[in-house]
Amino acid sequence: PQAGRDLLARVVVGSRYSLLIAFLATVLAVVIGVFFGLVAGFFGGWVDTLIARTMDVFLAFPLLVFAIALVGVFPSKATILGVSLTGNTLRVLMLIFIIGFFSWPYMGRIIRGQTLSLREREFVDAARSLGARGPYILFRELLPNMVGPILVYATLLIPTNILFEAALSYLGVGIIPPTPSWGAMVSDAVQNQWYYKIGRASCRERV
């Protein structure tokens, strides 16, 4: 009320942005993670070693600090597929890319482990004996048997991505104000509470 804004409406609008970014980032992370996890687990050898070490490198980075640095590097205006993007449209796409790109190793390691287990099963040997090639086995034999784990871990990844987006907005590199987001609203609440405490302390001193 003091700021002249409906906080409930801001929470609802902020949920739209937070959930949109989290869902699309999860889709991107699942697509990348499933692909590389399938390839690494099925082919093995140097391919598995290269992809697995790449995942370890991503998991070893402080992702929040790296994401903040990337947000600062991105331009304020860009043209994608002939469409000029600015403002929050560009920022939303940028957040989806950053969060999804840094989240795929979690899904990739899980799918890699599942693939290592399933590639030794009888139906894979039967497909090989019938002359099936690698891509057919990957996407027609192995992938349908991993739909359950993919859905489970994707739902677990969504709240993590919501927290990731909220953390970026809390630190001032998320959705551009005055468009509301959950992280920015928490940051404003903490700042207002601090001003409120300072105001009460000054009033007591005057009394």
Side-chain angles (χ1 to χ4, degrees), residues 18-71 73-74 78-83 85 90 92-165 167-168:
S18 296
L19 293 176
L20 174 67
I21 293 171
F23 273 102
L24 294 181
T26 300
V27 171
L28 178 61
V30 167
V31 171
I32 299 175
V34 168
F35 176 78
F36 283 107
L38 280 171
V39 172
F42 181 75
F43 291 103
W46 67 270
V47 176
D48 183 22
T49 302
L50 178 62
I51 296 177
R53 297 296 77 79
T54 303
M55 287 191 248
D56 293 338
V57 169
F58 272 90
L59 294 173
F61 267 102
L63 300 184
L64 185 59
V65 177
F66 204 56
I68 293 172
L70 280 180
V71 171
V73 170
F74 272 86
T79 302
I80 300 176
L81 299 177
V83 180
L85 301 175
L90 179 61
V92 167
L93 293 177
M94 181 179 61
L95 290 174
I96 291 170
F97 171 75
I98 290 175
I99 297 173
F101 186 72
F102 285 120
S103 301
W104 75 265
Y106 299 98
M107 180 64 68
R109 296 191 67 163
I110 294 166
I111 299 303
R112 174 181 173 271
Q114 293 286 330
T115 305
L116 288 172
S117 174
L118 290 175
R119 73 176 185 179
E120 307 297 334
R121 300 288 292 273
E122 292 80 4
F123 65 90
V124 176
D125 293 333
R128 282 200 186 103
S129 65
L130 293 174
R133 296 183 177 180
Y136 179 88
I137 297 175
L138 283 175
F139 298 106
R140 297 297 297 272
E141 298 290 343
L142 293 176
L143 186 58
N145 286 280
M146 287 188 282
V147 172
I150 289 173
L151 291 177
V152 171
Y153 287 108
T155 56
L156 295 176
L157 196 58
I158 290 174
T160 303
N161 290 338
I162 292 176
L163 292 176
F164 202 163
E165 186 276 332
L168 292 175

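All values below come from the heavy atoms of this structure, side chains included, with hydrogens, waters and symmetry mates left out.
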*Asks:* Are the side chains of R109 and D56 in touch, meaning some heavy atoms are under 4.5 Å apart?
*Replies:*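 With C-beta onward as the side chain, the pair touches.
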*Asks:* Can you tell me how far apart OH (Y153) and OG1 (T155) are? Round to the nearest 0.5 Å.
*Replies:*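 The OH atom of Y153 sits 10.0 Å away from the OG1 atom of T155.
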*Asks:* Which pair of heavy atoms, one from S18 and one from E165, lies closest together, and at what distance?
*Replies:*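 What the structure gives for the nearest pair is OG-OE1, 3.1 Å.
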*Asks:* Do F123 and N145 make a side-chain contact, defined as non-hydrogen atoms from C-beta onward lying under 4.5 Å apart?
*Replies:*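 Heavy-atom side-chain distance check passes, below 4.5 Å.
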*Asks:* Tell me the closest heavy-atom pair linking F43 and R119, and the distance in Å.
*Replies:*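 Between these two residues, the closest heavy atoms are C-NH1, 4.3 Å.
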*Asks:* Out of the candidates I150, L151, L143, only one should pair with V147 under the side-chain contact (heavy atoms from CB on, under 4.5 Å) rule; please name it.
*Replies:*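 Passing option: L151.
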*Asks:* OG1 of T26 to CE of M107: how many Å apart, nearest 0.5 Å?
*Replies:*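 Output value for this atom pair is 8.5 Å.
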*Asks:* Quick one: does S129's side chain have a donor or acceptor within less than 3.5 Å of a partner on A126's backbone?
*Replies:*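 Looks like yes, one N/O pair under 3.5 Å.
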*Asks:* Is the distance from the ring center of W104 to that of F58 below 6.0 Å?
*Replies:*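 That pair passes the under 6.0 Å test.
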*Asks:* Find the distance between CG (L138) and OG1 (T115) and round it off to the nearest 0.5 Å.
*Replies:*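 So the CG of L138 and the OG1 of T115 are separated by 7.5 Å.
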*Asks:* State, to 0.1 Å, how close G33 and I111 come at their nearest heavy-atom pair, and which atoms those are.
*Replies:*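 That would be O-CB, 4.4 Å.
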*Asks:* Ignoring hydrogens, what is the shortest heavy-atom contact between R112 and A40? Give both atom names and the distance.
*Replies:*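 Looks like CD-CB, 4.2 Å.
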*Asks:* Do V124 and I137 come within less than 4.5 Å of each other through their side chains, counting heavy atoms only?
*Replies:*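 Yes; the side chains approach each other to less than 4.5 Å.
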*Asks:* Let me confirm one number: the CG-CZ distance from L157 to F164, rounded to the nearest 0.5 Å.
*Replies:*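 One gets 11.0 Å once the value is rounded to the nearest 0.5 Å.
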*Asks:* Provide the closest heavy-atom pair for V30 versus A154 in the form atom of the first, atom of the second, distance.
*Replies:*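 Closest heavy-atom pair between V30 and A154: CG2-CB, 3.9 Å.
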*Asks:* Are T49 and R53 packed together at the side-chain level, in the sense that at least one heavy-atom pair is separated by less than 4.5 angstrom?
*Replies:*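 Contact flag for T49/R53 side chains = yes.
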*Asks:* Kindly give the heavy-atom pair with the smallest separation between G100 and L28, and that separation in Å.
*Replies:*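 Heavy atoms of G100 and L28 come nearest at CA-CD2, 4.1 Å.
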*Asks:* Do V39 and F35 have side chains that approach each other closer than 4.5 Å (heavy atoms only, starting at C-beta)?
*Replies:*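 Yes; the side chains approach each other to less than 4.5 Å.
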*Asks:* Roughly how far apart are L19 CG and I158 CD1, rounded to 0.5 Å?
*Replies:*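 The CD1 atom of I158 is 9.0 Å from CG of L19, to the nearest 0.5 Å.
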*Asks:* Less than 4.5 Å apart, side chain to side chain, heavy atoms only: is that true for S103 and N161?
*Replies:*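 In short, these two side chains touch, coming nearer than 4.5 Å.
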*Asks:* Taking side chain to side chain contact (heavy atoms under 4.5 Å, CB included) as the test, write out the residues that go with Q114, two or more places apart.
*Replies:*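 Q114 satisfies side chain to side chain contact (heavy atoms under 4.5 Å, CB included) with M146, P149 once adjacent residues are dropped.
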